**Student:** 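Just dropping this structure here.
The first residue in the sequence is number 1, and the count goes up from there. Treat the numbers as computed from the prediction; the structure is a model and nothing was measured.
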Amino acid sequence: MAFGKPKAPKEPKPPKAPKEKKPKKPKKEKPPKEKKGKKGKNVPEEVEGQEGEQPKKKKLPLPFLIISLVVIVAAAVILFLFVIKPRFFGEPDPEVSVSVEPEPPVLPSEIPIGDDVSISGLQLGSDESEALAEKAKTITYRYTNLVDAGKAAQTYAGQLAGEDPRFSVVDEEFVIQREKPDYTAAEGMVLLARNVPVEAPEATDPPETESPEGEESQDPDASAEPTPTPTPEPEPEPTEEPITYVHTVRITWSPGLCVVTADEQVGKVTSPPSSSVSAQHPVTQRGAVQQLEKMTPAQLGLPGESMDIYEVIPMDATETVDGIPCIRMHVFNDDNAAQSNDFVGSYLLSIDAEHLYRVDPITDEITELEYEYVP
């Protein structure tokens with residue numbers, strides 16, 4: 001049995017709308033780690049364009065790095081020299097300069113003459129450091145930029161006078177001149193020459209006579225045949241004199257210029273004719289000693305004020321200088337504490353009393369002195 005009203009059926013609830021899910025944030029992708037290869041194996045090269053790989057950075061070329069480094073260093077040097085150094089160290093004083101001693105020029109040491117012969121070249125000091133030597137086709141040297149050309153010519157003439165064989169001042173005919181050139185003149189010329197030694201011909205041995213083969217030499221006394229009378233040999237024909245040569249050195253000077261020309265010519269250096277007084281009264285050994293004793297020590301290149309402290313001893317034999325016989329004299333000095341004779345030098349006086357020479361005791365170099373005969 002039913003009680004009361006029946007309950008009405010409940011209406012179904014509408015279905016709930018589904019909740020919308022929020023989109024998840026994308027995960028950050030980590031860069032791929034470099035793969036290390038095993039020992040002895042190379043890492044495989046990665047191919048561009050693969051997913052998840054970043055492009056490699058390009059390296060700068062080596063020349064660009066070197067140029068950049070050079071530019072940086074140059075900029076630093078310029079900054080130091082023109083900014084930092086002048087500011088902190090000060091600029092150098094342009095008036096302060098280091099004096100440098102001039103050096104002698106490098107000039108030819110020898111001048112060739114003829115075949116395989118040479119003489120010493122002109123040598124200059126530090127005051128001629130700007131001099132130059134130019135060789136010409138005629139064996140000529142031009143010494144330019146000279147301070148005193150006449151002095152250079154005089155020094156060179158004295159140097160040639162000490163050569164072996166020695167040179168003498170001559171004229172164009174190769175005759176020895178007594179007067180010396182004036183080297184103090186602004187312009188001038190001097191000619192020097194010497195004889196070229198003549199080689200003696202080699203002596204030839206006469207041919208040996210041999211006996212015919214199979215025959216023995218017989219004693220001439222044992223021969224039955226009379227000995228024939230030898231015919232006189234004809235007199236030898238006069239031989240022609242050999243051609244002689246001379247070495248010449250011509251020195252021409254002008255302001256700042258000295259020209260030296262060397263040559264070899266046919267001729268012979270001869271002595272000048274002796275004066276009549278000298279020819280009539282040649283100098284003896286005693287006269288030669290008196291000539292030296294009349295001179296002063298300064299004229300002979302010796303110390304002292306008088307020749308009284310020196311002893312002159314002549315030698316017996318004569319010697320030839322430039323074709324002139326000369327008397328050699330030794331000079332000794334006894335002005336010392338031990339009162340012993342010290343050798344100081346040797347001198348040669350020509351027998352015509354026109355030339356006086358001094359002999360170097362070490363090198364035997366002969367130098368002509370300024371001398372005038374005192375009767």
**Student:** Would Y371 and Q291 count as having a side-chain donor-acceptor pair, cut-off 3.5 Å?
**Tutor:** yes
**Student:** Considering only NZ, NE, NH1 and NH2 on the basic side and carboxylate oxygens on the acidic side, decide whether K268 and E173 come within less than 4.0 Å.
**Tutor:** no
**Student:** If every non-hydrogen atom of L107 is compared with every non-hydrogen atom of A131, which pair is closest and at what distance?
**Tutor:** CD2-O, 3.9 Å
**Student:** So, the side chain of R358 versus the backbone of G301: is there a donor-acceptor pair under 3.5 Å, distance only?
**Tutor:** yes
**Student:** For T248 and D263, which I'm curious about, is there any donor-acceptor pair between the side chains at under 3.5 Å?
**Tutor:** no
**Student:** Is any side-chain N of the basic residue among E368 and K180 closer than 4.0 Å to the acidic one's carboxylate O?
**Tutor:** yes
**Student:** Taking ring pair (Phe, Tyr, Trp, His ring centres under 6.0 Å) as the test, write out the residues that go with Y183, two or more places apart.
**Tutor:** W253
**Student:** Looking at CG of N333 and OH of Y310, how far apart are the two atoms once the value is rounded to the nearest 0.5 Å?
**Tutor:** 5.0 Å
**Student:** Would you give the length of the straight line joining atom CG of D360 to atom CG of D364, rounded to the nearest 0.5 angstrom?
**Tutor:** 7.5 Å
**Student:** In terms of heavy-atom contacts, does CD of E130 have more than 12 from other residues, nucleotides or ligands at under 6.0 Å?
**Tutor:** no
**Student:** So, does R194 use its side chain to make a donor-acceptor pair with the main chain of R166 at under 3.5 Å?
**Tutor:** no
**Student:** Distance-only, no hydrogens or angles: does the Q285 side chain make a donor-acceptor pair with backbone N or O of M315 under 3.5 Å?
**Tutor:** yes
**Student:** Tell me, please, which residues at least two apart from H355 pass ring pair (Phe, Tyr, Trp, His ring centres under 6.0 Å).
**Tutor:** none
**Student:** Just by distance, with hydrogens left out, do E163 and S120 show a side-chain donor and acceptor under 3.5 Å apart?
**Tutor:** yes
**Student:** When rounded to the nearest 0.5 angstrom, what is the spacing between NE2 in H330 and OG in S346?
**Tutor:** 4.5 Å
